[in-house]
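Here the structure comes first, spelled out in structure tokens, and everything after it is commentary.
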Amino acid sequence: MNKVLMQGNKIIGEAAIRAGCRFYAGYPITPQNELPEYMAENLRKIEGGVFVQSESELAAIHMVIGASAAGARAMTSSSSPGISLKQEGISSLAACELPAVIVNMMRGGPGLGNISPSQGDYLQATKGGGHGDYHIIVLGPASVQEIADLTMDAFDLADEYRTPVMILADGMLGQMMEPVVFKKPKPRNYPEKFMMKGAGGGKSKIIRGLILDPLDMEEHIWKLKRKYQMIAEKECRYELYETNDAELILVAYGTSSRIAKGAIKRLRNEGLRVGLFRPITLWPFPAEGLRELAKKVENFLVFEMSAGQMLEDVLLALKGKARIGFHGRPGGVVPTPAELSNVVLRKYNRKDGLTEIEE
Amino acid sequence: MKKVFGRPLSMKNNPFHYCAGCGHSTAHRLIAEVIDELGIRDITIGLPPAGCAVLAYNYFDVDMIEAQHGRGPATATGLKRILPDRIIFSYQGDGDLAAIGTAESFHAANRGENITVIFINNAVYGMTGGQMAPTSTLGQKTTTSPTGRNTTLDGYPIMMSDVLAMLPGTAYIERCTVTTPANIIKAKKAIRKAFQYQIDGEGFSMVEILSPCPTNWKMSPVEACRWIDEVMTKQFPLGVIKDRPAQEKKREQKGN
Ligand SMILES: Cc1ncc(C[n+]2csc(CCOP(=O)(O)OP(=O)(O)O)c2C)c(N)n1
């Protein structure tokens, strides 16, 4: 397979098309515009490929619902403010058990915020986001290669579990150019019986999220819950980096995990044993993998480009089992590896090893 | 014995939940009859709205996918673009189409999406208990305009059909009602034409139906029909608002 040098946003488009995505709808917002532009140019060249520039993010996600119900692999993308608008439809997709892929290239917020890379939508993405009792699968790539791989996986996961899947990255990853190799997409395995194409002489179908009887609604939610439990058991992914001898584990995902790796290199050059736990699935959160590390490591430092969101999941996973610190830069600030390594030096570097210095 | 009246085949054998005198049931029946007559039951997909017709899939025996409040035309766009040879209709109330879903209706129409919208205008939000709708008439008393709709506070009734007719993407828009047998026959013709235009690939077609809501208007069914004929049609005149294919045909014939 050939290596190509492409920008993150475009890679998503190319990987999606290769994975069989045949419907894209979206509304312009920085920093992800290269993706709809790529789809406008390239998806329309494919037989049966549909690109629609919608009137809003709301319309886009509801178009995706229609296309998904009709049996197409469908995708939409946006950045933070637009993702807020999509939540109505994401909740519907979850309720109706329809597959779809949603890309969020996060920017600084709340409100209109700014257009700099940020990780402020973690809680919105991983805790449901829209109304009601549901979860979506959330994937957090940290390189352009991983963007390519996870985009393809996202479509497979969406089909397998009949659920929306979000790719949660940020403007930095979207704009970044790195060489990638596209893996061979798996053949699609999505039963016709879930597609709506007209009754065709048979029994007519209904796709709906409205279940007026509370007992029936409860039953539906427990069914979704069992599905989510199965996803949590089977689909957790994470990366361990330099953890074998580590005395301190940084916990970071996406762009901040790249910064963390840079910091770890510096710290290791100074002889400090620091490693990284990088969640790849943000929901389901790989808590088990983290707990495994906590059996031998006492100190964890959560590092996010937010005011502390994934921190809550780490606390849930490790509370009482380890010491948990936090360093965050919200609002679109992208800290340097040097800053992070200085934080570690200041907070943890004691003569007897890397443990938290109580202030 | 020859059967002269029965349930359309595209209709399930379920009793309607609609109130006595409600226009939704008549509109449902007309759509089902048209689907039968055009022989498109097997390739039709309908989108019920949030509104009194939210359970329309219990009545239509065609594939149906629920749309969120106002988003029918967007979801219909996704369906139709993937399945261009299927017949897609979105069934919407006035709150659905002319308030929360204005953008989706407007832009689906403007893109000339080849879908059919059945627009039930009952001048109130029926499902939620009779609040003021964008189509409530001037002076109309509703639960949220208790002293009557007042332009300074509440703005004006929106004539969505006329607005959408201005867009080049719309092929056909007609406003009808279901208050008398003659009006019902006209409404059915309009619905049939709208579906036929979709089959012919003409673009966006819509039939607005002024529809009685005796419960929320606090009238008897007969009074409700009279109110449409005497008051509502003054604000929303009946008739063809746009018929681009017919106009084009006329122009062609003149040219010959
Ligand atoms: C996002 C959202 N907002 C509000 C509602 C509540 N709601 C359900 S139906 C409806 C109004 C329906 O009125 P209309 O569209 O005129 O249809 P009708 O019930 O009169 O047939 C409202 C406000 C909803 N379901 N979803």
Side-chain angles (χ1 to χ4, degrees), chain A residues 21-25 27 43-44 48-76 85-93 95-96 98 100 130-131 195-212, chain B residues 9-12 17 35 39-51 54-88 90 100-111 113 115 127:
Chain A
C21 173
R22 289 298 173 266
F23 186 92
Y24 173 95
Y27 186 85
L43 185 53
R44 279 178 173 166
V50 179
F51 166 88
V52 184
Q53 179 164 326
S54 59
E55 59 271 28
S56 69
E57 290 85 350
L58 255 176
I61 193 76
H62 289 280
M63 288 176 189
V64 162
I65 292 175
S68 169
R73 282 194 152 174
M75 178 166 92
T76 182
L85 281 182
K86 288 189 199 294
Q87 294 300 339
E88 178 187 73
I90 297 174
S91 171
S92 276
L93 285 160
C96 298
L98 289 169
H131 63 284
M195 303 178 188
M196 176 161 277
K197 298 190 162 189
K203 239 183 112 185
S204 57
K205 283 194 199 111
I206 298 172
I207 297 179
R208 59 168 178 173
L210 181 85
I211 304 173
L212 288 171
Chain B
L9 292 173
S10 310
M11 198 122 256
K12 290 175 182 165
H17 72 280
I35 292 173
I40 53 172
R41 182 259 172 191
D42 293 348
I43 56 163
T44 295
I45 303 173
L47 296 104
V54 69
L55 294 172
Y57 41 62
N58 289 345
Y59 311 125
F60 288 104
D61 190 18
V62 301
D63 275 8
M64 295 202 93
I65 172 168
E66 142 195 302
Q68 287 288 309
H69 197 17
R71 319 290 174 227
T75 305
T77 297
L79 280 160
K80 186 74 180 190
R81 295 288 189 109
I82 294 301
L83 304 169
D85 56 354
R86 302 304 197 278
I87 302 306
I88 314 286
S90 173
I100 196 166
T102 311
E104 286 78 8
S105 327
F106 189 90
H107 287 276
N110 191 48
R111 286 189 304 268
E113 295 295 342
I115 59 173
M127 161 129 262

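Each chain gets a letter, A, B and so on, in the order its sequence line appears, and its residues count up from 1. Scope of the values below: all heavy atoms of this structure, side chains included, with no hydrogens, waters or symmetry mates.
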Could you look at [X] and say if it's the side chain, the backbone, both or neither that has a heavy atom under 4.5 Å from chain B?
X	result
A:Ala59	both
A:Val64	neither
A:Ile61	neither

Self-check item: Donor + acceptor pair across side chains of A:Glu88, B:His69 (<3.5 Å)
Solution: no

Say whether, by atom type as modelled, one donor and one acceptor occur between the side chain of [X] and the main chain of [Y] under 3.5 angstrom.
X	Y	answer
A:Arg44	A:Phe51	yes
B:Thr75	A:Ile65	no
B:Lys80	A:Gly66	no
A:Tyr27	A:Leu58	no
B:Arg71	B:Ile100	yes

Among [options], who wins on heavy-atom pairs under 4.5 Å with chain A?
options	value
B:Arg86, B:Lys12, B:Glu66, B:Arg81	B:Glu66
B:Ile43, B:Thr77, B:Asp61, B:Asn58	B:Asp61
B:Asp42, B:Leu55, B:Asp63	B:Asp63

Where do [X] and [Y] come nearest, in terms of heavy atoms and distance?
X	Y	value
A:Cys96	A:Ile207	CB-CG2, 3.7 Å
B:Ile35	B:Ser10	CG2-OG, 3.3 Å
B:Met64	B:Tyr57	SD-CA, 3.4 Å

Heavy atoms, side chains only, cut-off 4.5 Å: are [X] and [Y] in contact?
X	Y	value
B:Leu47	B:Leu79	yes
A:Val52	A:Phe23	yes
B:Ile87	B:Val62	no

Self-check item: Inter-chain contacts: residues 103-110 of chain B against chain A, heavy atoms under 4.5 Å
Solution: B:Ala103, B:Glu104, B:His107

Quiz item: Of all the residues in residues 69-76 of chain A, which have a heavy atom that comes within less than 4.5 Å of a heavy atom in chain B?
Solution: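 Answer by number: A:Ala69, A:Ala70, A:Ala72.
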
